[in-house]
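Okay, so here's the structure we're looking at.
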Amino acid sequence: MPDVPGPQQCWRNLSLLGFATRWIYAWRSGDIESISSLVGEDIEFHLGVEQNSEPLRSSAELVSALKHPDFRWDLSEAIHLKGLITGDNMLVIDYRDEAGTSFTESLEFLDGRVCWRRIGIDAP
């Protein structure tokens with residue numbers, strides 16, 4: 001028998017889709033207060049696509065980084081939302097820019113807030 005998602009999985013997916021809407025809007029508008037309300041206190045937050053960069057490890061570090069005058073809003077050029085994938089406490093958001101570059105933002109949740117984030121990039 002195929003694995004068919006039940007009502008609990010459907011509600012979880014709807015909840016994550018609602019979260020995705022708030023998350024994308026907050027990042028696109030540069031709303032630091034909204035972003036900080038969506039992340040947990042203890043996080044591992046990778047700001048960019050550099051795999052060897054040191055992650056931010058608290059919501060206070062994230063807010064400080066976002067307020068820095070030289071901060072570059074990653075995904076600011078990834079203007080086309082191409083897809084969302086939901087799973088148990090995971091959300092993957094697929095964006096594309098005008099050149100066709102794919103940006104994949106992976107989020108993991110703990111107690112309803114982001115506890116881990118990483119971005120991947122795949123140029124055409």
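To the nearest 0.5 Å, atoms CG (L81) and CD1 (I24) are separated by 4.5 Å. Taking CG of L107 as the reference point, atom CD1 of I119 lies at 8.5 Å (rounded to 0.5 Å).
The side chain to side chain contact (heavy atoms under 4.5 Å, CB included) test with L84 singles out one residue from D94, L17, T21, and that residue is L17. Of the candidates R96, K82, H80, S102 forms a side-chain hydrogen bond (donor to acceptor under 3.5 Å, both in side chains) with just one, namely R96.
For the pair L110/N89, no side-chain contact is recorded, criterion being any heavy-atom separation below 4.5 Å from C-beta on. I43 has its side chain out of reach of W116: every pair of non-hydrogen atoms, C-beta onward, lies at least 4.5 Å apart. Annotation: side chain of T104 is not in contact with side chain of D122 (no heavy-atom distance under 4.5 Å). Residues L91 and W23 form no side-chain contact, since every pair of their non-hydrogen atoms from C-beta on lies 4.5 Å or further apart.
Here the shortest heavy-atom pairing between E61 and L56 reads OE1-CA, 3.4 Å. Between L47 and L62, the closest heavy-atom pair is CD2-CD1, 4.0 Å.
Of the possible donor and acceptor atoms, one in the side chain of R117 sits under 3.5 Å from a partner among the backbone N and O of H46. Looking at S37, its side chain does come within 3.5 Å of a backbone N or O of S34 through a donor-acceptor pair.
With sequence neighbours left out, the salt bridge (charged side-chain N to carboxylate O under 4.0 Å, His left out) criterion links R57 to E44, E54. Partners of E41 according to the salt bridge (charged side-chain N to carboxylate O under 4.0 Å, His left out) rule, which considers only residues two or more places apart in sequence or in another chain, do not exist here.
Transitive grouping of hydrophobic side chains (ILVMFWY, heavy atoms separated by less than 4.5 Å) keeps Y25 and F109 in distinct clusters.
At a cut-off of 3.5 Å, with distance as the only test, no side-chain donor of W27 or E105 sits close to an acceptor on the other residue.
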